[in-house]
Amino acid sequence: MALRNRGGRERGGGDMVPRKHYTAREYVQMLLTYGEVGQNARAAALLYAERNRNRRHPGPNVFIQLVNRGNEDGNLIPRLHRGQGHGIVGRPDNDANGRDEQRVIDYVLNDPETSIRRMMEALGLSYNFIQRVLRREQLHAFHYRRVQGLRAQDYPARLAFCQDMLRRIAADPTLLERILFTDESTFGRDGTFNCHNNHHYGVENPHVIIQNRHQTRFATNKWVGIVGNVIIGPIQFPQLLNSDFYSGFIQNTLPNLLRNVGVEEQEIVFQQDGAPAHNAIVTLDILDRRYANRWIGTRRPGRQQLMAWPPRSPDLSPLDFFYWGAIKARIYRHEVNNLPEMERRIAAAAATITVEMLQNVSRNFIRRLRLCVEQGGGHIEQLV
């Protein structure tokens with residue numbers, strides 16, 4: 001039996017015979033077979049072998065590459081086997097004066113939001129040629145970043161907070177280790193699945209899907225606190241959080257949860273955002289009693305708070321910029337079918353957070369404060 005080495009030659013009986021290329025006629029027959037079996041590369045390879053027993057039998061990858069070439073540059077023959085050419089039939093590949101390269105560069109500079117396929121249509125050049133030019137010129141396609149919408153008054157508030165926090169940490173290096181960052185988050189059946197970062201590798205396209213917008217829905221709400229390198233929670237909260245439950249939690253439950261965090265409660269600096277239940281009078285009264293001059297939240301005149309937390313600033317909260325995203329990325333990698341399964345996934349994902357991760361979060365928090373100052377209180381997510 002003849003075997004092929006990596007150099008594309010057949011070996012057997014001591015002879016070295018160059019491997020023949022497929023002819024244009026053979027490629028056409030492959031393409032027709034591929035369409036006949038419903039564009040299934042594996043089935044096409046089996047049918048082609050059955051019909052052409054005396055010919056060389058291409059594998060599924062040959063069919064996939066054949067279709068990709070046809071879609072990209074309109075030529076079924078591999079580039080190395082057809083001589084010179086950009087890939088578009090009949091087009092020369094001797095861009096000796098560099099005009100085509102310059103056309104690509106000029107097009108991108110004039111329209112940075114374009115795509116290779118739009119450039120193919122506008123310039124009459126092949127996908128591979130344009131891609132080579134972009135790589136050679138180190139022109140990369142960067143993705144947009146979703147950020148929190150800010151109002152005009154948010155910029156000075158964010159700037160003041162970051163400057164004040166940096167000054168306080170410089171004066172008291174233990175402050176960051178004593179801040180209890182808190183937040184709640186709802187986990188629903190239709191969670192966030194990042195199609196850009198999740199893949200399914202295979203020889204053929206498996207056409208994988210993930211369902212959402214279910215008619216049968218379920219959800220759970222969790223509270224989490226981070227102080228130093230310790231995580232408190234996740235703790236079950238009602239989905240419709242009200243001030244009675246939240247204030248009772250701070251008054252009666254939270255003190256017990258803080259017993260084993262390595263920081264005395266009288267040293268804890270409590271942080272919260274501006275959710276309605278957080279700003280109720282009963283809640284603020286409890287914060288003033290238990291954390292007088294040691295709590296951070298929405299500015300409330302006459303209250304005994306240490307600092308004012310800037311509105312619309314999830315990019316400054318460790319729960320938002322790290323914790324929720326880290327565990328939801330694990331939870332929603334696959335479809336969640338019921339609430340008990342959701343609860344198990346939340347617990348399993350929470351258990352993956354390590355001390356090393358939390359140490360990085362502290363360093364990241366400082367970096368974000370500095371970036372926010374550099375941006376005059378503006379967006380920073382696109383810079384981290």
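We use all heavy atoms of the structure for the numbers below, so side chains are in, but hydrogens, waters and symmetry mates are not.
Asp288 has no carboxylate O lying under 4.0 Å from a charged side-chain N of Arg300, or vice versa, which leaves the two without a salt bridge. Of the charged side-chain nitrogens involved, none lies within less than 4.0 Å of a carboxylate oxygen, so that Arg151 and Asp154 do not count as a salt-bridged pair. A salt bridge between Glu264 and Arg178 is absent, with no side-chain N of the basic residue lying under 4.0 Å from a carboxylate O of the acidic one. Under 4.0 Å is where a charged nitrogen must lie from a carboxylate oxygen, and between Arg136 and Glu101 at least one such pair does. Ion pairing of Asp285 with Arg303 is present here, as a side-chain N (NZ or NE/NH1/NH2) and a carboxylate O approach within less than 4.0 Å.
Both tests do not hold together for Arg290 against Phe270: distance to the six-membered ring centre under 6.0 Å, angle to the ring axis within 45°.
Ring geometry for His140 against Phe142 counts as perpendicular: the plane angle is over 60°, on a 0 to 90° scale with 30° as the lower cut. Using a 30° and 60° split on the angle between ring planes, Tyr34 and Phe63 fall in the parallel class, below 30°. In this structure, His379 and Tyr155 have perpendicular ring planes: the angle between them is above 60°, well past the 30° mark. Taking the six-membered ring for Trp and thresholds of 30 and 60 degrees, Phe181 and Trp309 have ring planes more than 60 degrees apart, a perpendicular arrangement. Relative orientation of the Phe187 and Trp324 rings is perpendicular, given thresholds of 30° and 60° on the angle between their planes.
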For this session: Check step by step if side-chain contact (heavy atoms from CB on, under 4.5 Å) holds for Arg294 and Leu306.
Result: CA-CA 5 Å; Arg294 290 187 293 112; Leu306 178 66; 5.7 Å; no
Check your understanding: Can you list the steps and then say if Arg103 with Asp100 is a salt bridge (Lys or Arg N to Asp or Glu O under 4.0 Å)?
Key -> CA-CA 5 Å; Arg103 291 170 63 209; Asp100 286 343; 3.0 Å; yes
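Using a distance-only test at 3.5 Å, with no hydrogens or angles considered, no donor-acceptor pair links the side chain of Gln148 to the main chain of Pro314. For the pair Gln305 (side chain) and Gly297 (backbone), a donor-acceptor distance under 3.5 Å is present. Ser362 places no side-chain N or O within 3.5 Å of a backbone atom of Asn360 that could act as its donor or acceptor partner. Looking only at distances, no side-chain donor or acceptor of Thr220 sits under 3.5 Å from a matching main-chain atom of Gln236. Looking at Asp164, its side chain never comes within 3.5 Å of a backbone N or O of Ala160 through a donor-acceptor pair. Arg345 contributes a side-chain N or O that, together with a main-chain N or O of Ile331, makes up a donor-acceptor pair within less than 3.5 Å. When atom types are taken as modelled, the side chain of His334 and the backbone of Tyr332 share no donor-acceptor pair closer than 3.5 angstrom.
Criterion: ILVMFWY side-chain heavy atoms under 4.5 Å apart, direct or through other members. Under it, Met307 and Ile226 are part of a common hydrophobic cluster.
Applying side-chain contact (heavy atoms from CB on, under 4.5 Å) to Val224 and the options Thr182, Leu319, Ile232 leaves one that passes, Leu319. Of the listed residues (Thr283, Asp183, Asp273), just one forms a side-chain hydrogen bond (donor to acceptor under 3.5 Å, both in side chains) with His278, and that residue is Asp273.
Closest non-hydrogen pair, Ser247 versus Ile286, comes out as O-CD1, 3.3 Å. Of all non-hydrogen atoms in Glu335 and Glu341, the two that sit nearest each other are O-OE2, 3.8 Å.
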